Amino acid sequence: MMRRNDFLRILTAGGVAALAQPRVLLAQPARPLTFTSWGGAFQEAERQAYLSPFTTATGIAVMEDNYSGELARIRSQVETGALIWDIVNVPGPLLELGCEQGLFETLDWSRIAPTADFLPIAVHECGVGMNAGATVMTYDRDRFPNGGPTSWADMWDIQKFPGTRGFRFNPKFTLEAALLADGVRGADVYAVLKAPGGVDRAFAKLDQLKPHIRWWRSGAESVQLLASGAYAIASVFYGRVFTLNQQNQRNFVIVRSAGTFQEFSYYAVLKGSRNLEQAYALLKFAAQPQIQANYTRFYPYGPGNRLAYPLVPSAQRDNLLSPMGADATTIFEDLAFWVENSEDLLRRFSAWASR
Amino acid sequence: MNEGLSARDTASSLQAVPAGMLLRRHRAVERRRLARALGFLALPVLFVGAAYLLPIVIFLAAAVDNRPVAAALPRLNAVIRTIPADALPVPEVFLALTDDLRGARDARRIAALAGQLEQAMPGMRLMVNRAARNLARPNEDARAALIAADARWGEVATWQVLRREFAPVTPRHLLAALDMTRAPNGSIAAVVPDQRVFIEVILRSVTMAVQVTLGALVLGFPVAYLLASSPPRRAALLMFLVLLPFWTSLLVRTAAWAILLEERGAVNGLLMAAGLTETPLKLMYNRLGVVIAMVYVALPFMILPLHATMKGIPAATMRAAAAHGATPLQAFRLVYLPQAMPGIVAGSVTVCVTTVGYYVTPLLIGGPGDQMLSYFIAFFVNGTLNWPMAAALAVILLVLVLAGLALLLRLVGLRAMLAR
């Protein structure tokens, strides 16, 4: 039988041991692999094409969250070591900046896919380029039955096409659109932006339209404002308006010929993720050609894996926007420009908008 | 009754002990009582100090704390005093900067450093980032590599700014919060027009607070009067209605206003159905909508102090004024209003001081041009992780609030406030 002294001694020893290892006391239940993307129809497509089949195939559960591209939300997690996300879908400049700042794991591509299979733009030391992305001009055909706007200059023409304008509350692709409206050729947009006075010129052009602009902050918000008729003409993510047309039998015209802005979306893993193995498993699964091709059934963005393109169902092929199908109307994001200037331009943009 | 008891005690002890001793004993009792009172207060005071005041002070101190820059550039810090005021530094200084930047790059701290220095001199972020991407290798010329990365590293002004930026305390965030900056020669000047934003936001915050205060006063005064002059049962019901909003989340109430004010919302629906307007009025995403919603939120804070004052105004004073031949308007202006003034001032200052820091309502109802100071504090805390800038704006907000309170004390008087 245990004597009272022994009992106390064991209790004390246990207490001291527990105090010496605060982690034991504070140990949290393991958080499942958490995937964060941009919400709405965009994330729904990722769920259908990547996450659900992945869980079915591997038994690994995936938790989800969404954000709107705020680097600060990633930085605060990594810097405090309190990670609530593992994989996050980031655009190019964010990937580059985050990688430079040590916010993302350096990836071992041999555990994911042969880099030669992927488009050059889709291969990055900190991210796997899963799919293209695009921003387009759109309007409701029912609103302008006698012919709607055909160029970004028309978007600035309030007399001819009255009504509220929609833009993302972000300088990216907004400054570019302003320059196109100001008569700059698509191929010259970034040369003008990089030249002295180029950014001023874009802001000056935006000044003209400012009273008519209502900004949207998340893709889901842009769709809601389009659907409710709040916007006469808007600059929105291509996939959002495409799925709005398909799922709600709406008649939004996508003015690709006015000039379409393309970028690429990457999956990056937060530095210090405790679910690194599962994260690699998901990256490897989603990078497969067949899975990548299957994604196009849910969303009209071209995959990063080159081998997926021949497998894309023919019904989807014409709707797809990707670097593979780039033409004269495509303006591809200048990564170097946005990596170098995104923070300063975001600050200037916010100051300008709040005046 | 209590007084009588203690008087008798005092009387009996007066006979027993000499006067000097009595006074001492009395003082001792008083001291003990004070000590006990302070003992009871100690815990709350400690709690407020540790959990409320200390974090505020620490956060606000970030507005002027400049140690992060010196800590990120230790080698440059050691030689910074050798830089001449009117010429380029010696090559060793370029080398020290290169080594520091390499260290910061490897520690992945370039972005934070570049952000800090950007506020010391616009363009510095780009210069630091470019330099960090094109650092000289050990056997290369550090000075040439820096200037090749960005020509501004070869300008005297850059080094003048850097030299200044190693002081442990810096005014630059507070200056930036007032749209000002220090020129390379140290003089203070306004920033270029396209970067000015905060002065306008400060003025906007104050203007909106005053507008909301006036709106709440106009709407709240009759309600408070009705409350004060109603029979108790009706007054209780009215008071319940005034307090009802406190039991609903601010977010929910603001969202409800969004539904009412939307372009195709309830208000416009009614107006158009009644034929009062053909095209929907713009009630949301502009100043009008924000002020309407904010007046609604602020109303109880106006009504309660007004009601407290009005309840103390004897109805007989108005009757007396009438008996002396005053018209109702004269009686109101000359008799009622002066007596209600403490409540008007207290309510107005309370509303004004709370309104100047509003965040949720302008965010949900307003456009980018209707955002107040709190929006930018949140922007710097969550959006760009620029805490020093957030702290500097918080200092300004705090100064505005304290100025409002000082005005209150000046107008009403501390004693009148405490007596109430």
Side-chain angles (χ1 to χ4, degrees), chain A residues 67-80 96-104 106 162-164 167 169-170 199-200 202-204 207 210-217 224-225 228-231 271 336-337 339-355, chain B residues 104-115 118-119 122-127 129-130 132-133 150 176 179 191-201 204 262-265 280 282 284-286 362-363 366-372 375-376 378-387 389:
Chain A
Y67 81 136
S68 292
E70 305 95 337
L71 184 62
R73 287 181 69 182
I74 297 170
R75 200 188 286 163
S76 57
Q77 288 182 45
V78 176
E79 282 179 0
T80 57
E96 197 76 40
L97 287 169
C99 194
E100 214 168 63
Q101 296 171 25
L103 304 180
F104 300 131
T106 308
T164 304
F167 272 102
F169 193 71
N170 196 298
V199 171
D200 296 337
F203 273 108
D207 266 331
K210 193 177 178 187
H212 307 282
I213 298 177
R214 187 170 152 196
W215 306 97
W216 54 267
R217 287 166 195 269
Q224 191 218 325
L225 291 169
S228 71
Y231 287 150
K271 188 88 174 180
F337 175 79
V339 166
E340 200 151 76
N341 297 295
S342 61
E343 287 189 61
D344 291 335
L345 283 181
L346 186 61
R347 204 186 150 108
R348 177 167 174 186
F349 177 82
S350 302
W352 169 82
S354 72
R355 270 198 286 273
Chain B
R105 187 193 62 190
D106 294 345
R108 312 268 191 183
R109 298 213 49 84
I110 285 289
L113 176 68
E118 169 74 18
Q119 269 165 331
M124 199 74 112
R125 187 201 314 274
L126 207 56
M127 292 165 63
N129 281 329
R130 281 177 175 165
R133 288 193 191 105
D150 194 306
D179 289 340
V191 297
V192 290
D194 65 55
Q195 291 185 354
R196 278 176 212 163
V197 54
F198 299 118
I199 291 285
E200 192 182 323
V201 170
R204 177 192 300 161
E262 256 176 353
E263 197 172 334
R264 287 149 197 244
K282 271 193 170 271
M284 232 178 115
Y285 306 108
N286 59 17
L363 189 71
D370 306 314
Q371 302 305 323
M372 304 169 75
Y375 170 85
F376 289 89
F379 172 79
F380 285 117
V381 169
N382 300 324
T384 63
L385 292 187
N386 187 347
W387 284 32
M389 203 54 216

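In what follows, chains carry the letters A, B, and so on, assigned in the order in which the sequence lines appear, proteins first and then strands, with residues in each chain numbered from 1. As a basis for the values below, the full set of heavy atoms in this structure was taken, side chains included, without hydrogen atoms, waters or symmetry mates. No experiment lies behind these values; they were computed from the predicted model shown.
Salt-bridge formation is detected for the pair Arg130(B)/Glu340(A): a Lys NZ or Arg NE/NH1/NH2 atom is positioned less than 4.0 Å from an Asp or Glu carboxylate oxygen. One finds no salt bridge joining Asp150(B) and Arg133(B) here, because no Lys/Arg side-chain nitrogen approaches an Asp/Glu carboxylate oxygen to under 4.0 Å. Using a 4.0 Å cut-off between charged side-chain N and carboxylate O, Arg347(A) and Glu118(B) make no salt bridge.
Ring centroids of Phe349(A) and Trp215(A) are separated by less than 6.0 Å, placing the two rings close together.
When heavy atoms are compared at a cutoff of 4.5 Å, Pro280(B) does not approach chain A at all. Looking at Asn286(B), there are no atoms closer than 4.5 Å to chain A (heavy atoms on both sides), in backbone or side chain. Looking at Gln371(B), neither its backbone nor its side chain comes within 4.5 Å of chain A, counting heavy atoms on both sides. Looking at Phe203(A), neither its backbone nor its side chain comes within 4.5 Å of chain B, counting heavy atoms on both sides.
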